Amino acid sequence: MGSEKAYYITTPIYYVNSSPHIGSTLTTLAADMLARYQRMRGRKVWFLTGTDENAIKVHRAAQERGMPTQQFVDELATEFQQAWKTMHIEYDDFIRTTEPRHVRVVQEFFRRMLQNGDIYKGIYEGWYCVSDETFFAPSDVGEDRLCPNAECRRPLQWVQEEDYFFRLSAYGDRLLRYIEEHPDWLEPEFRKNEVIAFIKQGLRDQSVTRANPGWGIPVPGEPDKVIYVWFDALINYVSATGWPEDMGRYQQLWPAVHLMGKEIFVRFHATLWPAMLMSVGLPVPERIFGHGWWTIGGEKGSKSKGNLPHPVQLAKDIATWSGAEFDLAVDAERYLLIREMQFGLDSEFSEESFRKRYNSDLANDLGNLLNRTLNMVWRYAQGRVPQPLEHNAELAQLAEHIDRGIAEEVYRFRLNGVLEQIWRMVSRLNKYLDEQAPWSLYRNGEVERAQGVLYDVLEGIRLCALWLAPTMPVATARIWEQLGIGTQPVQASWQTESVWARLQPGTSVQQPQPLFPRITEEALTVTTEKETEMEGSNWITIQDFQKLEIKIAEVKWAEPVPNTSKLLKLTVDIGGEERTLVAGIAETYSPQDVIGRQIVVLTNLQPATIRGVQSQGMLLAAEVDGKAILLTPDKPVPVGSKVR
RNA sequence: GGCGGCGUAGCUCAGUCGGUCAGAGCACACGGCUCAUACCCGUGGAGUCGGCGGUUCGAGUCCGCCCGCCGCUACCA
């Protein structure tokens, strides 16, 4: 690495309690795209991702599996690395918070902040579960004061623990001033406003240590305490630079551009982290961008709900639907994940719209363009790149505009906008072919003119592939290969290659080979049938049904759950036993409406704490336009009657 | 509750300082082409720009109120 300041881009370090999902894939993919773009533009780039391994929950998850914690995190870190490799994501560094290089720096941060008075000793109070060795926020604890962990449910203790605190409260004004003076620092804009509102309401000091549960980074000089997870995790961005030992490397890298999901933008990346850096005397990050989520039915998709595909599985699906080679299906997925999302906002995930987009953009527009052009090159120019007739000023100018447009979109993190820019050229080329109709020219004996048109289109395709390389590194390499170019676009210099008429006449092109075969209805039907066979149908067996314990209950009491609009807390009798239920029926029913009524309750559902209230079962209701309509017995029945 | 945002063609959304802003893409219909992965190209529909008032010569574009939806509101990697 030279001495010039690198483009240092980061993703959050991912929590190793499960495998990569579509959310972490989105962040990492976006970072990969930006890193590849900057690299092609000739900047030194350092792309960092990694895993967060010090959380107490990780330790517990390992213990539950009867596995040494280190081995557990090793395996999950490997899983992340493999997933990224499969998705054609190429990072420069993968940091793990259990690594000594990170632990040292966290402790150094702690020491410095203790020294300058920003960390002080205080009393942390909270609900503590002895069994889980975990603190819970008051908002997570129900009135029953039982452990929110559904598998635990033991009584919690109100404990006071001597802990260290970070004087976050002292940084509000400095943060606000910095935000004001650097309008592009936090993006998107509407989230910046959330940060401002958050800071303006007043910042509170933050506890940064916990009693040592046998896992985590020890507090220097106090082995009975560990650094609390957020304080530890955020520092990875600096510890990966080699600070403070390798100041040369640090100076080339820091500050970084941070990319993350919106859930950890406001409080952590845009508030706590910059304040920590200010305290230690380091520059704050260069840019901080929080993107939206893929949603299903308006809610954040999650693996536990099983409603969003696993990224690798989605690539396999695309390959199956279309018949595309797996690596090209991966690139197609990369394209779709970026193209189908307004990067700052949430986007609704739909397989169908992914398929439509695949067909219209990749198969019909881009793929078919390459295919039809090469076909004509073989027919009308003996499979060699022909001579241009004259400089095509119009297309050359369009290329320049798009090049500039891409730079602008990249700066604003509008990654879908980058792709929209490129499609201006794809569309123009398809149209240009129709306008010029080289097949007619050839038939009329105007061979050179026909060939000139083909040159222009080939050149346009070459540029599109160059521009698309950060998004689809493998597919664009195939395109250049088919054009007879001996190098890969990802390794090309944007500056020298993003210029009209770089394509060398005379070189042999390859026989056209569809990169992105269309997804047809027939293929889809076959796939669906296959899936049905493989996964079993949607039928459940009578045994499955018998696992459900459904009873008639009587509502003894009902009251709204504070600070919610949809929730009622119900106390019900299920036949000699009282249960508390949280039900989302407040939009349809008031407490008086339901008290005394008989309802249908699923009584052996795993309890869950909702808004601080533990719900010990689920009331059954019909859903009409999103509102709940209660199910009740046709005539009064003994409370506790089984439903079957 | 407080702060912020959104509600524009069937769908997803653009609309910068108020005056060709009533738009794009997809979908649909019709037409053209035949080099191509039944592709590509062209044309079209018309939507009270959430509702009601107001400011203005003129308002999706500013102001007020109302309806609906959403985000943030501290320890959730």
Side-chain angles (χ1 to χ4, degrees), chain A residues 11-18 23-24 50-55 57-58 97 124 126 135-140 166 168 189-208 210 228-234 236 260-268 271-272 292 298 322-324 340 342 345-348 350 353 356-357 359-380 416-417 420 423 427 429-443 450 453-454 457 512-520 563:
Chain A
T11 74
I13 46 177
Y14 301 113
Y15 195 32
V16 288
N17 60 348
S18 64
S24 43
T51 42
D52 178 13
E53 307 179 350
N54 288 327
K57 284 186 205 163
V58 171
T97 56
Y124 180 89
F135 279 94
F136 292 97
S139 58
D140 289 338
F166 169 48
L168 180 61
E189 185 90 22
F190 67 95
R191 277 201 200 290
K192 173 164 85 178
N193 293 335
E194 291 176 3
V195 173
I196 293 170
F198 175 67
I199 297 174
K200 277 190 173 163
Q201 77 177 16
L203 297 176
R204 295 206 297 268
D205 291 351
Q206 186 93 8
S207 71
V208 295
R210 283 293 184 277
Y228 188 57
V229 57
W230 270 100
F231 190 83
D232 157 10
L234 286 163
N236 90 85
M260 82 250 25
K262 64 181 184 180
E263 74 282 8
I264 51 179
F265 177 81
V266 174
R267 298 179 210 166
F268 300 110
T271 305
L272 177 60
S322 67
E340 284 281 283
Q342 302 278 334
L345 308 175
D346 289 355
S347 297
E348 182 72 6
S350 134
S353 95
K356 274 185 182 168
R357 180 68 76 177
N359 271 352
S360 69
D361 288 11
L362 297 177
N364 297 348
D365 290 352
L366 177 64
N368 181 55
L369 172 67
L370 174 68
N371 198 254
R372 67 194 295 213
T373 309
L374 287 179
N375 210 291
M376 287 187 273
V377 171
W378 280 99
R379 277 184 193 233
Y380 311 143
N416 59 314
E420 282 166 28
W423 250 252
S427 302
L429 294 174
N430 271 318
K431 188 170 171 182
Y432 185 68
L433 276 176
D434 260 51
E435 287 167 358
Q436 301 296 323
W439 50 91
S440 301
L441 294 171
Y442 186 80
R443 239 183 280 125
V453 170
L454 291 180
V457 176
Q513 251 193 339
L515 296 176
F516 302 112
R518 271 182 73 78
I519 298 171
T520 61
N563 301 319

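Hydrogens, waters and symmetry mates play no part in the numbers below; they use all other heavy atoms, side chains included. All figures in this text were calculated on a predicted structure; none of them were measured in a lab. Protein chains get the first letters and strands the later ones, always in sequence-line order, with residue 1 at the start of each.
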Q: Taking only residues two or more places apart in sequence or in another chain, which ones pass side chain to side chain donor-acceptor pair (under 3.5 Å) with A:N236?
A: none
Q: Please report the shortest heavy-atom distance between A:P517 and A:S322, naming the atom on each side.
A: CB-O, 3.1 Å
Q: Tell me which nucleotide among B:rC40, B:rU37, B:rA74 gets nearest to the side chain of A:Q201.
A: B:rA74
Q: Please give me the minimum heavy-atom distance between A:P12 and A:M260, naming the atom from each residue.
A: CG-CB, 3.6 Å
Q: Taking the C1' atom of each, how far is B:rU16 from B:rA59, in whole Å?
A: 16 Å
Q: Give one of base, sugar-phosphate or nothing for A:N375, where a contact means two heavy atoms less than 4.0 Å apart.
A: sugar-phosphate
Q: Starting the side chain at C-beta, find the nucleotide from B:rU34, B:rC76, B:rU37 nearest to A:F268.
A: B:rC76
Q: Please classify the nucleic acid contact of A:L234 as base, sugar-phosphate, or nothing, using heavy-atom distances under 4.0 Å.
A: base
Q: How close do A:D52 and A:V58 get, heavy atom to heavy atom, and via which atoms?
A: O-CG2, 4.4 Å
Q: For B:rG60, does the O4'-C1'-N9-C4 (purine) or O4'-C1'-N1-C2 (pyrimidine) torsion place it in syn, i.e. within 90° of 0, or in anti?
A: syn
Q: Counting N and O atoms only, with roles assigned by atom type, does the side chain of A:Y14 sit under 3.5 Å from a partner on the main chain of A:S24, one being a donor and the other an acceptor?
A: yes
Q: Base, sugar-phosphate or nothing for A:L168? Non-hydrogen atoms, less than 4.0 Å.
A: base
Q: Are A:R210 and A:Y124 close enough that some pair of their side-chain heavy atoms sits under 4.5 Å apart?
A: yes
Q: Which part of the nucleic acid does A:S207 contact within heavy-atom distance under 4.0 Å: base, sugar-phosphate only, or nothing?
A: base
Q: Is there side-chain contact between A:P512 and A:L370, with heavy atoms separated by less than 4.5 Å?
A: no
Q: In whole angstrom, what separates A:E420's CD from B:rG15's C1'?
A: 14 Å
Q: Under 4.5 Å between any side-chain heavy atoms of A:N430 and A:N364, yes or no?
A: no
Q: Atom CG of A:L345 to atom P of B:rC6: distance rounded to whole Å?
A: 11 Å
Q: In whole Å, what is the span from the CG atom of A:L369 to the P atom of B:rC33?
A: 21 Å
Q: Taking the side chain of A:F516 as its heavy atoms from C-beta onward, which of B:rU37, B:rC40, B:rC75 lies nearest to it?
A: B:rU37
Q: Which value, in whole Å, describes the distance between the P atoms of nucleotides B:rC11 and B:rA27?
A: 15 Å
Q: Taking only side-chain nitrogens and oxygens of A:Y380, does any of them come within less than 4.0 Å of OP1 or OP2 of B:rA36?
A: no
Q: Pick the closest RNA chain B nucleotide for A:A233 and for A:R267 by heavy atoms, then say which residue is nearer the 5' end.
A: A:R267
Q: Using the P atom on both, measure B:rU20 against B:rG60 and round to a whole Å.
A: 10 Å
Q: Please measure how far the C1' atom in B:rA9 lies from the corresponding atom in B:rA24, and state the result in whole Å.
A: 11 Å
Q: Is RNA chain B part of any stem, that is, at least 3 consecutive Watson-Crick or G-U pairs with both distances under 3.5 Å, and where?
A: B:1-7 with B:67-73, B:10-13 with B:23-26, B:28-32 with B:40-44, B:50-54 with B:62-66
Q: Distance check, C1' atoms only: B:rC67 and B:rG31, in whole angstrom units.
A: 45 Å
Q: Counting only side-chain heavy atoms from C-beta out, which of B:rU37, B:rC40, B:rA74 sits nearest to A:A363?
A: B:rU37
Q: Could you state the CZ-C1' distance from A:R357 to B:rU12, rounded to the nearest angstrom?
A: 9 Å
Q: Could you give the distance separating B:rU55 and B:rC63 at their C1' atoms, to the nearest angstrom?
A: 7 Å
Q: Looking at the side chain of A:K431, which of B:rC40, B:rG42, B:rC75 is the nearest nucleotide?
A: B:rG42
Q: Does the A:T97 side chain pair with the main chain of A:E53, one donor and one acceptor, at a distance under 3.5 Å?
A: yes
Q: Identify whether any heavy atom of A:L203 sits under 4.0 Å from a base atom; if not, whether one sits that close to sugar-phosphate; answer base, sugar-phosphate or nothing.
A: base
Q: Using a cut-off of less than 4.0 Å, is there contact between a side-chain N or O of A:R379 and OP1 or OP2 of B:rA36?
A: yes
Q: Which pair of heavy atoms, one from A:Y432 and one from A:V457, lies closest together, and at what distance?
A: CD2-CG2, 3.8 Å
Q: Of the nucleotides B:rC76, B:rC40, B:rA74, which one has an atom closest to the side chain of A:D434?
A: B:rC40
Q: Given that A:M376 and A:N236 both sit by RNA chain B, which one's nearest nucleotide is further toward the 5' end?
A: A:M376
Q: Can you figure out which of B:rC40, B:rA74, B:rC33 approaches the side chain of A:W439 most closely?
A: B:rC33
Q: Heavy atom of residues 189-197 of chain A under 4.0 Å from RNA chain B: which residues?
A: A:R191, A:E194
Q: Checking all strands, does A:P517 fall into the base, sugar-phosphate, or nothing category for heavy-atom contacts under 4.0 angstrom?
A: base
Q: Please name the pair of heavy atoms, one in A:F198 and one in A:R267, separated by the smallest distance, quoted to 0.1 Å.
A: CZ-CG, 3.9 Å
